[in-house]
Amino acid sequence: MKKFAKLIIPFLFFSFHGSASAENSHTKELMAAIIIDDFGGGTGGVRDFLDGDIPITAAVMPFTENSKEHAEWAHKNGFEVMLHLPMEPKRGKRSWLGPKPITVDLSPKEVRQRVEEAIKSVPYAIGLNNHMGSLAVEDEEIVRVIVEVAKERNLFIIDSGTSPGTKFPEIAKELGVPLLKRDVFLDDISSSSYVRKQMARLARVTEFNGKGIAIGHVGVTGKVCSVGVFESMAEFKERNIKIVPVSKLFSGKLTKKNFVPF
Ligand SMILES: [Zn+2]
């Protein structure tokens, strides 16, 4: 009995108090988030995800015909909703950004107006991530305004990771806004076997770090993405990795206020 107690005490200590060394150990539950971008845009895969039973996080583009409908549908079916903020990329067509994107020619005042309007156009959003944005995320002045608005509205930020030169992490840290970064893109190549391969990468990252974040898409690649994600679930179950809404990965750093829609 004494021997048993000796074994169990360190286990309890790590479970309740946590520590750097416990982060990677099996005493901690492994949690991964799957953010699905581009809701509000194309319809491919939308129904599969929103009527499905995987707790994805729905990132919804603002100002589109379907923004409000998709956000409300997601919320009604119990999915977490984020604002998917369109930001100017280094390359790509303007049309890929949708209406009223954040571009580097805007003044800080205009950026603020657009972000505030975008938040209003996506009901139930409790966080934001960037759509594209390889150019705009490197612009300190623009990123600062976005992070300031996120702070005022109690939104967390997920850096989609479209540029290694992104200013989001340092400015979010400076202003005390909760931020996490995307680990894996699921559907750069549109085939369900590729999506499954990327889901396996998400599983490995999650086993290594204790948590992981993947981003996939509805729209053109949506159907293929949903098939690949659903087909991967058995493996996640086998590896004891739980899929959770992305806010769950902030390990208690979010306040209750984050969950009040504006
Ligand atoms: Zn996007």
Shared hydrophobic cluster for I36 and W96 (ILVMFWY, side-chain gaps under 4.5 Å): no
Electrostatic pair R112-E152, nearest N-O below 4.0 angstrom: yes
Closest heavy-atom pair and its distance - S121, S67: O-CB, 3.8 Å
K68 and P123, any side-chain heavy atoms less than 4.5 Å apart: yes
Closest approach of L155 to A125 (non-hydrogen atoms, all atoms of both residues): CD2-O, 3.5 Å
Closest non-hydrogen atom pair between F63 and P99, with its separation: O-CG, 3.3 Å
Salt bridge (Lys or Arg N to Asp or Glu O under 4.0 Å) evaluation trace for E117 with K100: CA-CA 10 Å; E117 266 184 71; K100 293 195 256 183; 2.5 Å; yes
Donor-acceptor under 3.5 Å (S226 side chain, G45 main chain): no
Check: G44 main-chain N/O paired with K223 side-chain donor or acceptor under 3.5 Å: no
V137 reachable from M61 in the ILVMFWY side-chain graph, under 4.5 Å edges: no
Contacts of S232 that satisfy side chain to side chain contact (heavy atoms under 4.5 Å, CB included) - sequence neighbours left out: R196, M199, F236
Side chain to side chain, L180 and I157, heavy atoms closer than 4.5 Å: no
Check against side-chain contact (heavy atoms from CB on, under 4.5 Å), V145 and K109: CA-CA 8 Å; V145 177; K109 202 180 156 195; over 6 Å; no
CD (E174) with more than 12 external heavy atoms under 6.0 Å: yes
ILVMFWY network linking I189 to F230, side-chain heavy atoms under 4.5 angstrom: no
Pair R94 + E88, salt bridge at N-O below 4.0 Å: no
Minimum side-chain heavy-atom gap V60-M82 below 4.5 Å: no
Joint hydrophobic cluster, V195 plus V220, side-chain heavy atoms closer than 4.5 Å: no
Derivation and outcome, side-chain contact (heavy atoms from CB on, under 4.5 Å), residues M87 and H131: CA-CA 6 Å; M87 295 177 71; H131 169 76; over 6 Å; no
Residue E141 excluded, over 12 heavy atoms near CD under 6.0 Å: no
Nearest non-hydrogen partners of I158 and R182, listed with the distance: CG2-N, 4.4 Å
CG-CD distance between D188 and Q198, expressed to the nearest 0.5 angstrom: 6.5 Å
E148 side, atom CD; I171 side, atom CD1 - distance, nearest 0.5 Å: 9.0 Å
Stepwise side-chain contact (heavy atoms from CB on, under 4.5 Å) test for D51 and N77: CA-CA 7 Å; D51 283 345; N77 284 4; 3.2 Å; yes
Side chain to side chain donor-acceptor pair (under 3.5 Å) assessment of H84 paired with D38: CA-CA 7 Å; H84 191 44; D38 298 352; 3.0 Å; yes
Verdict with supporting geometry, L128 and F156, side-chain contact (heavy atoms from CB on, under 4.5 Å): CA-CA 6 Å; L128 69 83; F156 59 80; over 6 Å; no
Side-chain donor/acceptor of H70 to backbone N/O of G40, under 3.5 Å: yes
Under 3.5 Å side-chain donor-acceptor pair for T103 and D105: yes
Residue among L179, V115, V177 satisfying side chain to side chain contact (heavy atoms under 4.5 Å, CB included) with V147: V177
Euclidean distance, L202 CG relative to K197 NZ, rounded to 0.5 Å: 15.0 Å
Test item: W73 and R47 side chains (from C-beta on) under 4.5 Å apart, heavy atoms: yes
H217 side chain near C225 side chain, heavy-atom distance below 4.5 Å: no
Carboxylate-amine/guanidinium proximity below 4.0 Å for R144 and E140: yes
Charged N-O contact under 4.0 Å between K76 and E72: no
Donor-acceptor side-chain pairing of E80 and S247 below 3.5 angstrom: yes
Sidechain-backbone polar pair: D183 side chain, I213 backbone, donor-acceptor under 3.5 Å: yes
hydrophobic_cluster_shared for V227 and F39, side chain cutoff 4.5 Å: no
Under 3.5 Å donor-acceptor, D139 side chain and I142 backbone: yes
E110 with R114: basic N within carboxylate O range, under 4.0 Å: no
Under 3.5 Å: donor-acceptor pair, side chain of K151, backbone of G176: no
Over 12 foreign heavy atoms within 6.0 Å of CZ, R239: yes
Within-4.5 Å side-chain heavy-atom neighbours: F79 and I56: yes
L186 side chain reached by Y194 side chain, heavy atoms, under 4.5 Å: no
Nearest-0.5 Å distance that lies between atom CD in E65 and atom CD in E69: 9.5 Å
Distance-only donor-acceptor check, side chains D159 and N129, under 3.5 Å: no
Closest non-hydrogen atom pair, A59 against I35: CB-CG2, 3.9 Å
With M132, the side chain to side chain contact (heavy atoms under 4.5 Å, CB included) member among L85, T162, L97, D37: L97
Flag side-chain contact, heavy atom, 4.5 Å: I54 against V229: yes
Flag, side chain of T206 to backbone of L30, donor-acceptor distance under 3.5 Å: no
Nearest non-hydrogen partners of V46 and G42, listed with the distance: CG2-O, 3.6 Å
Full working for side chain to side chain donor-acceptor pair (under 3.5 Å) between T166 and S163: CA-CA 5 Å; T166 172; S163 164; over 6 Å; no
